[in-house]
Amino acid sequence: MKYCQRYSISLIFSILVICCLNLPGYGQEEYKDPKNKALSEVYTGGPFYQVQYFVLQNAKRKPKNIILMIGDGMGLAQIYSAMTANGGHLFLENFKNCGFSKTYSSDNYITDSAAGGTALSCGIKTYNGAIGVDPNKNSVPNIREMAEKKGLKTGLVSTSAITHATPASFMAHVSSRGSYEDIAADFLKSNIDVFIGGGVKNFEERKDGRNLSRELKDKGYQVIYKISDIQNVKSGKLAGLTAQEHNVPMPERGEMLVPATQTAIDLLSQGKKGFFLMVEGSEIDFLAHENKTPGVVLETLDFDRAIGAALKFAASDGETLVIVTADHETGGMTINGGDYKTGNVVGKYTSGEHTGIAVPVFTFGPGADQFTGFMENTDIGKKMMKLLR
Ligand code: MG
Ligand code: ZN
């Protein structure tokens, strides 16, 4: 709810600014008309990074490491708007194995991020709002916990609060996604090696008076608040908490997701038995809820660059499976115009909420061929578990 409030304030501010400046083409009447939301629907930033293409080296038959990358709310239109904005290319083009995930939850055709995250992490369909529990509210083990039990290193990275539904699904077991302080407390019960995201508040300003950051330090974690310091960590356990709640969206956030992903890979790959890492591009969803194409594009491009970092490691490692998917689509987005030369994109939306359409699945590395065609979102969780067994 907090980001909704923040956007409401910035929306009112934007309208005030537009009224005062009387910008050509973005008059007050147009902005008010839901059929002509020109200001929010058009991205005009242009292309800005070079995509690299990787060759998988010395590929093994089975993966030792799994990197699961979740673009929250990232359907094909979100991906293609970013691809258009970047001159027609994304790191995602490296993936040759593609499929589709059916995202419905146990109680709703349209999932939320809690049930969607739990499908991917635990391999079960559950009700909207559930984190790591089944429809009867019983705890179900998740892929990160299984990896941890097997002696693999594990990590979570998100741009949202690390206690938000998606990363929480790989850590906690609570009947309601809003129990942020309970979710934060579950980090202390685990043996996770690296986590980087927002959510300081849920660790340090708690109703029960506990200071979980101090408890993490006592357990041997380096608790670090700035991304510039986080990326200097070369060994040991790391808790990176870079915002009180969610990190601000792009472009204000700056470099956070890519260095966080790189740092997590550097630390986790020091283990002998392999690792499991989940990386979330959390805020594609936030901006898609607001039907703001520039935000959707910038968040998806940021996520794609994080995918590039994962691919670079996986291509030379040969034992790492990279899976990129979404928990659901947000906004019912489509693209009604674009230009590869200028990078301009015209996004259109059918909703301010999540939608029921299937989302793409991309895989690279050992085991990649097992994730093609149509599949249940739960199959992704189940297949990962099978591959790590
Ligand atoms: Mg999320
Ligand atoms: Zn959402």
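Numbering of ligands and ligand atoms starts at 1, following listing order.
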**Report entry** Expected output: side-chain Asn247 to main-chain Thr159 donor-acceptor under 3.5 Å
**Finding:** yes
Report task. Using 2.8 Å as a strict upper limit, say whether an N, O or S atom of Ser160 approaches the Mg ion (ligand 1) that closely. Result -> no
Could you pull out all donor-acceptor pairs under 3.5 Å where a side-chain atom in residues 123-131 meets a protein atom, sequence neighbours excluded?
| from | atom 1 | to | atom 2 | distance (Å) |
| --- | --- | --- | --- | --- |
| Lys125 | NZ | Lys102 | O | 3.4 |
| Lys125 | NZ | Tyr104 | O | 2.8 |
| Lys125 | NZ | Glu376 | OE1 | 3.1 |
| Lys125 | NZ | Asn377 | OD1 | 2.9 |
| Thr126 | OG1 | Val133 | O | 2.8 |
| Tyr127 | OH | Ser175 | O | 2.8 |
| Asn128 | OD1 | Ser105 | OG | 2.7 |
| Asn128 | OD1 | Asp112 | N | 3.4 |
| Asn128 | ND2 | Ile110 | O | 3.0 |

Query raised in the report: Which of these, Ile230, Val194, Val233, sits in a side-chain contact (heavy atoms from CB on, under 4.5 Å) with Gln222?
Result: Val233
Requested in this report: Pick out which of Met250, Glu252, Lys292 makes a side-chain contact (heavy atoms from CB on, under 4.5 Å) with Leu298.
Outcome: Met250
Report summary line: The N/O/S atom of Asp72 lying closest to the Mg ion (ligand 1) is OD2
Report summary line: Quick note, side chain to side chain donor-acceptor pair (under 3.5 Å) partners involving residues 379-388, not counting sequence neighbours, are none
Query raised in the report: Backbone or side chain, does Asp72 get an N/O/S atom under 2.8 Å to the Zn ion (ligand 2)?
Result: no
Requested in this report: Provide the atom name of the closest N, O or S atom of Glu280 relative to the Mg ion (ligand 1).
Outcome: OE2
Report summary line: Taking the Zn ion (ligand 2) as the apex, NE2 on His289 and NE2 on His354 give an angle, to 10°, of 100°
